[in-house]
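A short worksheet on the structure shown next.
Below, each value reflects all heavy atoms present in this structure, side chains not excepted, and no hydrogens, waters or symmetry copies.
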Amino acid sequence: MALYAIGDLHLAFECDKTMDIYGGVWVKHEKKIEKYWNKVVTEDDTVVVVGDHSWGRKLKYCRQDLEFICDLPGKKVMIRGNHDMFWDAKKTDKLNEEYKDRLFFLQNNYYPYGEYALVGTKGYVYEGKDTREHCEMIIERECKRLRASFEAAEADGYKKFIMFLHYPPTEIGKKESRFTMIAKAYGVTQIVYAHCHGEERFHDSLLGKVGGIKYSLVSGDYLVFKPQKILD
């Protein structure tokens, strides 16, 4: 039994969207996902899929994408990404009912993994695409959701946590954020994130051991679509 993570699958079986324009690594990337996932993940393993699962803007246009993930080996835990328009955060319980025992949608809740609780939310960072005021509003909302995830786990007696975000935990060049401060407050051992695409973006945020926390980037193209082991 092992814990793996990978993000940014950007599947599009039901909509006209190709990732090929973003470089050769994305050509037939669905085949690469299937190949490497099947190579490293067993049915006894758990994989956290760290956001941007599908290009479908509504659930009815994501069915094949979600079925593709369902059919891959292991238990799957889903984090909400910025492109996951099909996933209304307020309807997470409904998604969990519909995909019970096939996919677990992590939002304002947690997923048990041995003595660890897997906690997380989409997160957010300022990327120059909106105002600072709007950015702060979203960060505040995401911090509340993250705390709700921790509190749910703590209420059930968990004291060890691995934290997942879709967005990187800090802005470019920064070593701290409200997300990293929450992680430190709860004694998190690892923070796993995605969202950073292309070699020019792979070092946007923290990597490796920083301040006692291990940071891992698991964007699909960064991993060349091979799920990364997070914990044995």
All N/O donor-acceptor pairs, side-chain side in residues 115-125, below 3.5 Å, sequence neighbours left out:
unit_1 : atom_1 : unit_2 : atom_2 : d
Glu115 : OE1    : Lys160 : NZ     : 3.4
Glu115 : OE2    : Lys160 : NZ     : 3.2
Thr121 : OG1    : Gln107 : NE2    : 3.3
Thr121 : OG1    : Glu142 : OE1    : 2.6
Tyr124 : OH     : Asp130 : OD2    : 2.7

List, one per line, each side-chain donor-acceptor pair under 3.5 Å for residues 216-226, sequence neighbours excluded.
unit_1 : atom_1 : unit_2 : atom_2 : d
Ser219 : OG     : Asp8   : OD2    : 3.3
Ser219 : OG     : His195 : N      : 3.3
Ser219 : OG     : Cys196 : N      : 3.3
Ser219 : OG     : Cys196 : O      : 3.0
Asp221 : OD1    : His197 : ND1    : 3.2
Asp221 : OD2    : Gly198 : N      : 2.9

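Listed by chain and number, the residues in a side-chain contact (heavy atoms from CB on, under 4.5 Å) with Ala2 are Tyr4, Asp45, Lys229 (sequence neighbours excluded). Take Tyr126 and apply the ring-ring contact (aromatic ring centres under 6.0 Å, His included) test, not counting sequence neighbours, and it matches no residue. Under the rule for a side-chain contact (heavy atoms from CB on, under 4.5 Å), the partners of Asn108 that lie at least two apart in sequence or sit in another chain are Arg145, Ala148. Scanning for side-chain contact (heavy atoms from CB on, under 4.5 Å) contacts around Asp156 gives Tyr110, Tyr158, with sequence neighbours left out. In this structure Cys70 satisfies the side-chain contact (heavy atoms from CB on, under 4.5 Å) test together with Glu67, Tyr99, Arg102, Leu103, sequence neighbours excluded. Residues passing the ring-ring contact (aromatic ring centres under 6.0 Å, His included) test with Phe68 are Phe13, sequence neighbours excluded. Every residue two or more places apart in sequence or in another chain was checked for a salt bridge (charged side-chain N to carboxylate O under 4.0 Å, His left out) with Lys174, and none qualifies. Partners of Tyr186 by ring-ring contact (aromatic ring centres under 6.0 Å, His included), not counting sequence neighbours, listed by chain and number: Phe150. Evaluation of the ring-ring contact (aromatic ring centres under 6.0 Å, His included) rule for Tyr61 yields no partner, not counting sequence neighbours.
Of the inter-residue distances, the one linking His134 atom NE2 with Ile139 atom CD1 reads 11.0 Å to the nearest 0.5 angstrom. In this structure, CG in Leu95 is found 6.0 Å from CG in Leu59, a value given to the nearest 0.5 Å. Tyr215 OH to Leu207 CG: the interatomic distance, rounded to the nearest 0.5 Å, is 11.0 Å. The distance from the OG1 atom of Thr92 to the CZ atom of Phe105 is 8.5 Å, given to the nearest 0.5 Å. Distance check, rounded to the nearest 0.5 Å: CD of Glu133 to SG of Cys135 gives 9.5 Å.
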**Message:** Could you go through Thr170 and Thr180, starting from their C-alpha distance and side-chain angles, then the distance that decides it, and tell me whether this counts as side-chain contact (heavy atoms from CB on, under 4.5 Å)?
**Reply:** CA-CA 8 Å; Thr170 63; Thr180 63; 3.9 Å; yes

**Prompt:** Leu231 and Gln190: side-chain contact (heavy atoms from CB on, under 4.5 Å), yes or no, with the steps?
**Reply:** CA-CA 10 Å; Leu231 195 69; Gln190 294 194 55; 4.2 Å; yes

**Asked** Going through the checks in order, is the side-chain contact (heavy atoms from CB on, under 4.5 Å) test met by Asn82 and His166?
**Response** CA-CA 8 Å; Asn82 59 301; His166 173 66; 2.8 Å; yes

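Among residues at least two apart or in separate chains, side-chain hydrogen bond (donor to acceptor under 3.5 Å, both in side chains) pairs with a member in residues 19-37 are Thr18-Asp20.
With a 6.0 Å radius and a threshold of 12 heavy atoms from other residues, nucleotides or ligands, Arg57 has its CZ atom at or below the threshold. The environment of Glu199 atom CD is sparse: at most 12 non-hydrogen atoms of other residues, nucleotides or ligands sit within 6.0 angstrom.
Considering every non-hydrogen atom in both Ala5 and Val192, the closest pair reads CB-CG1, 3.9 Å. The two residues Asp84 and Ser54 come nearest to each other via the heavy atoms OD1-N, 3.5 Å. In terms of heavy atoms, Cys62 sits closest to Phe86 at SG-CB, 3.5 Å. Taking every heavy atom of both residues into account, Gly74 and Glu43 meet most closely at N-OE1, 3.3 Å. Heavy-atom minimum distance, Met78 versus Trp87: O-CH2, 3.3 Å. Smallest separation of non-hydrogen atoms from Ser205 and Pro168: CB-CB, 3.5 Å.
Salt-bridge annotation for Glu171 and Arg132: present, with a side-chain N of the basic residue lying under 4.0 Å from a carboxylate O of the acidic one. Salt-bridge annotation for Arg178 and Glu136: present, with a side-chain N of the basic residue lying under 4.0 Å from a carboxylate O of the acidic one. A salt bridge between Glu127 and Arg201 is present, with a side-chain N of the basic residue lying under 4.0 Å from a carboxylate O of the acidic one.
Residues Glu14 and Arg63 have side chains in contact (heavy-atom distance under 4.5 Å, counting atoms from C-beta outward). Side-chain atoms of Glu176 and Lys184, non-hydrogen and from C-beta on, do get closer than 4.5 Å to each other. Between Leu165 and Met163 the shortest side-chain heavy-atom distance falls below 4.5 Å. A heavy-atom distance below 4.5 Å is not found between the side chains of Leu9 and Asp52. By the 4.5 Å heavy-atom criterion applied to side chains, Lys76 and Phe104 are not counted as neighbours. Here the side chains of Ile213 and Thr189 are not in contact, with every heavy-atom distance at 4.5 Å or above. Taking 4.5 Å as the limit, some side-chain heavy atom of His83 sits within range of a side-chain heavy atom of His10.
No option in Leu11, Ile69, Asp65 other than Ile69 meets the side chain to side chain contact (heavy atoms under 4.5 Å, CB included) test with His53.
No donor-acceptor pair closer than 3.5 Å links the side chain of Asp16 to the backbone N or O of Ala12.
Put simply, Trp55 and Val27 are part of two different groups of oily side chains (I, L, V, M, F, W, Y) that touch within less than 4.5 Å, one to the next. Placement of Val49 and Met1 within a single hydrophobic cluster is found when ILVMFWY residues are connected by side-chain heavy-atom separations under 4.5 Å, directly or transitively. The cluster map of Ile, Leu, Val, Met, Phe, Trp and Tyr, joined by side-chain heavy atoms under 4.5 Å apart, puts Met137 and Leu146 in the same cluster. Hydrophobic clustering keeps Phe202 apart from Ile172 (ILVMFWY residues linked when any side-chain heavy atoms are closer than 4.5 Å, directly or through intermediates).
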